[in-house]
Amino acid sequence: MRIPSDVPSEVHAGMSDELITRLQDACARVENARVRSGRSEPVTLLAVSKHQAVEKIAALVSAGHRCFGENYVQEAWKKWNTVQPQFPDAPDLQFHLTGPLQRNKAKMAVGFFALIHSVDRLELASALAKVAAKRGIVQEVLVQVNISRESTKAGVDAEQLPAFCEQLLEYPELRVRGLMSIGQYGLEEEEKRAEYRAMRGLLRDVAPLMGEHFNQLSMGMSGDFELAIEEGATIVRVGTALFGERSKN
Ligand SMILES: *Cc1c(COP(=O)(O)O)cnc(C)c1O
């Protein structure tokens with residue numbers, strides 16, 4: 001395990017104190033929002049660590065945090081191979097994939113990510129299922145919904161969602177846990193709430209089709225995660241509010 005004083009030069013002293021303070025702050029805000037909204041089920045704070053130094057991930061794992069979100073498969077593998085061996089006593093450490101996935105990365109993604117948030121096309125689902133079948137495992141996934149109908153954004157349209165989910169049932173190697181959305185940038189609070197409420201409505205509408213495991217809603221980021229929880233998020237994806245600004249590369 002890494003000796004605490006052995007920090008690389010790019011990481012300034014006190015970094016990990018600051019990080020841990022932000023983690024505690026974010027956890028408290030998640031918990032307050034959950035209680036405020038009168039919900040009894042737990043809410044997962046996913047620390048989105050894309051483009052963040054592995055030392056910061058390790059600092060959060062040391063502090064007891066276990067769930068991290070990454071957007072790029074190779075970057076995630078590299079970080080996992082650096083961080084995970086430092087924490088042999090944290091078998092519950094998990095990485096989620098929050099970014100888009102290419103079919104040709106299916107082999108690297110299946111069985112590595114605890115949850116893939118970005119399934120949005122049948123070809124991708126089929127590629128993931130094929131790899132999972134070959135390995136005899138079940139991969140947990142979310143269906144990404146383009147709730148804001150932006151042409152540049154990935155995700156299944158709301159109208160297509162029931163049919164899409166039904167088709168996923170043909171892949172027993174995929175366990176569909178729920179839905180994910182990326183909020184539109186620059187919306188007013190009430191518009192954001194409306195989008196999140198619409199997501200919750202979709203989850204409720206499709207749930208009877210999908211079975212008891214279908215109960216997760218991944219929505220809300222640094223700027224609006226409390227609001228998302230109030231509207232039904234069960235996983236919030238928080239990057240900069242925890243880690244600070246991302247590096248460019
Ligand atoms: C980067 C990213 C986040 C985190 O965004 P912040 O605003 O830094 O909290 C969440 N979800 C997805 C899909 C992302 O790409």
Side-chain angles (χ1 to χ4, degrees), residues 15 18-30 33 43-54 56-57 59-60 65-79 94-102 105 109 112-121 124 140-156 177-189 191-193 195-196 199 202-203 216-249:
M15 170 210 82
E18 197 180 308
L19 252 176
I20 287 160
T21 303
R22 282 199 291 244
L23 174 66
Q24 288 166 339
D25 177 60
C27 288
R29 287 170 62 190
V30 165
V43 174
T44 301
L45 172 66
L46 188 69
V48 177
S49 46
K50 67 177 187 224
H51 296 335
Q52 300 285 358
V54 282
K56 292 185 177 180
I57 302 177
L60 290 188
H65 196 72
R66 292 293 180 266
C67 299
F68 296 86
E70 288 283 341
N71 273 22
Y72 308 95
V73 180
Q74 264 125 334
E75 181 182 331
W77 265 91
K78 226 168 118 186
K79 286 172 168 172
Q94 50 180 246
F95 278 20
H96 294 202
L97 183 70
T98 50
L101 180 60
Q102 304 300 320
K105 302 267 169 64
F112 172 64
F113 292 108
L115 184 64
I116 296 172
H117 291 227
S118 51
V119 171
D120 63 350
R121 5 186 245 296
L124 174 61
E140 302 214 332
V141 302
L142 300 177
V143 173
Q144 184 171 347
V145 181
N146 186 0
I147 194 70
S148 53
R149 301 168 185 280
E150 290 166 275
S151 58
T152 53
K153 209 168 256 177
V156 179
R177 296 299 315 271
L179 306 175
M180 175 270 215
S181 70
I182 300 177
Q184 190 174 351
Y185 187 74
L187 291 185
E188 298 294 328
E189 178 178 330
E191 296 169 311
K192 281 187 185 179
R193 284 192 189 277
E195 273 196 5
Y196 290 147
M199 285 293 293
L202 290 173
L203 184 85
Q216 297 294 308
L217 260 186
S218 166
M219 56 190 198
M221 312 202 291
S222 288
D224 65 351
F225 66 90
E226 288 154 297
L227 188 155
I229 292 168
E230 288 169 12
E231 300 299 343
T234 65
I235 303 173
V236 289
R237 310 181 306 263
V238 179
T240 46
L242 273 177
F243 290 104
E245 288 308 313
R246 285 179 276 272
S247 68
K248 293 275 181 338
N249 51 30

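Sequence positions, counted from 1, serve as the residue numbers for this chain. Whatever order the structure lists ligands and atoms in, that order sets their numbers, starting from 1.
- For ligand 1, the protein residues placed under 4.0 Å by at least one non-hydrogen atom are V48, K50, N71, T98, I182, M221, S222, R237, V238, G239, T240, R246.
- Of the possible donor and acceptor atoms, none in the side chain of D120 sits under 3.5 Å from a partner among the backbone N and O of Q144.
- For the pair S181 (side chain) and V145 (backbone), a donor-acceptor distance under 3.5 Å is absent.
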**Request:** Any chance you could lay out the side chain to side chain donor-acceptor pair (under 3.5 Å) test for E70 and S49, step after step, and finish with the verdict?
**Result:** CA-CA 6 Å; E70 288 283 341; S49 46; 2.7 Å; yes
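- Using bins of under 30°, 30° to 60° and over 60° for the plane-to-plane angle, the ring pair W77/F112 lands in the parallel bin.
- Panel note: side chain K153, backbone I182; a donor-acceptor pair is recorded below 3.5 Å.
- Considering V48, L60, L46 as possible partners of F68, the one that fulfils the side-chain contact (heavy atoms from CB on, under 4.5 Å) test is L60.
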